[in-house]
Each structure stands twice: as C-alpha cells, then as structure tokens.
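Both counts, for ligands and for their atoms, begin at 1 and track the order of listing.
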Amino acid sequence: MSDFRQKGLFDFRKESRDTTITIEELRKEAEACQKCNLGYSRLQAVVGEGQFPADLMFVGEGPGEQEDKEGRPFVGRAGELLTYSLNKLGIDRGSVWISNVVKCRAFEKVGTKKVNRPPKSEEIKACAPILQKEMELVSPRIIIALGSPSASSLLGKAFSTITQDRGKWFSYKGIKVIPTFHPAYVLRQKGKGYDRSFELFLADLEEAKKALTQKEDKTWDLPLFKKSDD
Ligand code: URA
C-alpha cells in the first residue's frame, strides 16, 4: 500500500495552513513548480477552475492528455461526462470548483505513446500544498472525490475502496466528502455495466446536491483550517 493511502493528506496539511494566496499566485506557483518529476514532463500545470468560493468542489486524479494541452481540468472525454452529468442535475459547471489531486499529467511511455497512469504517492504529496490552498480559496461545503486516488489522498485510512465506500459520507477537516466513481471509470464500462455505474455516479452527485439544501449539521460545521483551540 502506498504511503498516501495509509496517511492521507493529514500528515502534511499543516505546512500550507497559514497561507493566504490569490488564484493568480497559485497558478504561477503551479506553473513554476518542479517539486516532482511531473513538473519536468508536463506541457502545462492544470490548476482547478470554476467559481470560488463555491459550495461544491470536485477533486479528480490529475490532468490527462487534453487537460495537459489546454491547461484546464476535465476537458477531455471524462470531463465531457462530468459536464453532461452536472447539466442533467441542473448544476452549472461554472458554479462549482473542479480540480485534481495533482496538477501535472502523470504518464508512462509505452513505445512512442504516452499512457496516463495514476499519480504516485510522492507526486500527490508534492502537490498537496497547492490543493490545500485551492481548498482555502474555494472553502467548499462538500467535496466530491472522483475515484480512489482522490478519496484516498483526502481521507487516508478512513477510505477503503470505491466499490465499498462510494456514496458514503466522510469528513475532511469538517468538510463533507462523498467519494464516487471517476467518470473515466464509468466510460470504461460496457453495456449494462456502463448503465449501472453511470446511474450510481449520478445518484452520488444528486446526493451531494441534496445535502447542499439541507440545514447545516453543526457537527460538520467547522470552518476550514480553523484550529481546534481557536
Ligand atoms: N481525469 C482527471 O482525473 N482529471 C482531469 O482533469 C481529467 C481527467
């Protein structure tokens, strides 16, 4: 098991707690970042986009080929499915924040082809301060973790597998987190498998939307980054 799966972001979140930063500064920081190898092979660093602050924040895995080219998150096929799903639920893509655990494309060379791969724990760790700062800017009430690397990095050991834990509520620093399938996973399913996974994916998004309309539960209502002794 990789170490981020065991520890989640909790072990290193303190480093970025005290920073107040603008989105422009954050983009510059990401563009200049070479804390891991991905910073040397990317075309562009892809920071989140959308509205901030926002009630809903999506956290995916990392940019793919199209995102790397365009410098925007979720603009390839997985992004099309995400946007389609948001529209279906009456959620404007521009009203939420869409981001990723890592900001640079992770790939391996197979012959001459670049094939996407999940980010490694050291890459996730190197990128964590940027995600933390995005969370500060966005201050979401609910995070939808798209896929296992995202849910694991946020929730650590509390999260088991997507099959077991999708659609369940978790807490990350007082923010409600609901893991669901990554849209790319849904797209890889065939026939009835596709229908079923898409149905569950939509149901999880709907559940998040419904939770936004519910009255704040005080046990969840801890302001982001507020220290417990404040
Ligand atoms: N997959 C992701 O996890 N993020 C993107 O931005 C695109 C595809």
Side-chain angles (χ1 to χ4, degrees), residues 2 4-5 8-9 23 26-27 30-31 33 36 38-39 41-52 54 56-87 91 93-94 96-108 113-121 123-128 130-135 137-138 140 143-155 159 161-162 165-166 172 177-189 194 197-198 200-202 204-205 208:
S2 58
F4 83 87
R5 275 285 282 111
L9 290 178
I23 188 67
L26 202 51
R27 288 195 201 289
E31 277 157 22
C33 180
C36 77
L38 302 184
S41 57
R42 65 168 179 240
L43 295 178
Q44 301 190 61
V46 181
V47 173
E49 69 170 25
Q51 176 172 292
F52 65 90
L56 263 190
M57 175 166 175
F58 289 80
V59 180
E61 191 172 304
E65 183 180 8
Q66 199 57 31
E67 291 77 18
D68 189 39
K69 276 189 195 144
E70 290 190 35
R72 294 179 53 210
F74 282 96
V75 287
R77 285 188 67 230
E80 277 172 25
L81 187 65
L82 177 61
T83 308
Y84 173 79
S85 308
L86 290 174
N87 289 341
I91 303 170
R93 179 174 160 133
V96 302
W97 189 259
I98 298 180
S99 192
N100 282 302
V101 168
V102 296
K103 311 300 167 198
C104 302
R105 184 183 181 195
F107 64 87
E108 56 200 6
K113 279 185 96 180
K114 291 178 181 175
V115 178
N116 293 341
R117 63 159 173 80
K120 296 177 184 163
S121 61
E123 295 158 352
I124 291 176
K125 197 165 176 170
C127 229
I130 298 189
L131 181 60
Q132 297 289 348
K133 288 171 199 166
E134 279 185 278
M135 287 185 198
L137 278 170
V138 178
I143 293 176
I144 301 183
L146 299 170
S148 202
S150 166
S152 296
S153 347
L154 293 170
L155 304 171
F159 173 78
T161 61
I162 276 290
D165 285 342
R166 59 137 285 281
Y172 175 71
V177 178
I178 184 166
T180 189
F181 294 136
H182 193 290
Y185 167 83
V186 177
L187 286 171
R188 283 196 300 272
Q189 309 311 303
Y194 172 85
S197 54
F198 183 50
L200 293 172
F201 176 69
L202 275 182
D204 295 342
L205 265 52

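Remark: ligand 1 atoms within the under-4.0 Å shell around heavy atoms of Glu61 are 2 (C), 3 (O).
For ligand 1, the polar-atom distance check against Gly60 finds no nitrogen or oxygen pair separated by under 3.5 Å. Taking only nitrogen or oxygen atoms, main chain and side chain alike, Gly62 reaches within less than 3.5 Å of ligand 1.
Remark: the Ser99 side chain and the Glu134 side chain contain an N/O donor-acceptor pair separated by less than 3.5 Å.
Checked against ring-ring contact (aromatic ring centres under 6.0 Å, His included), Tyr194 has the following partners two or more places apart in sequence or in another chain: Phe198.
Nearest non-hydrogen protein atom to atom 4 (N) of ligand 1 is Asn100 OD1, 2.7 Å.
At least one side-chain heavy atom of Leu26 sits less than 4.5 Å from a side-chain heavy atom of Ile130.
Residue His182 touches ligand 1 through its side chain alone, judged by heavy-atom distances below 4.0 Å.
Between the side chain of Asn100 and the backbone N or O of Val59 there is no donor-acceptor pair closer than 3.5 Å.
Residues Glu49 and Arg93 are paired through a salt bridge, judged by an N-O separation under 4.0 Å between the basic side chain and the carboxylate.
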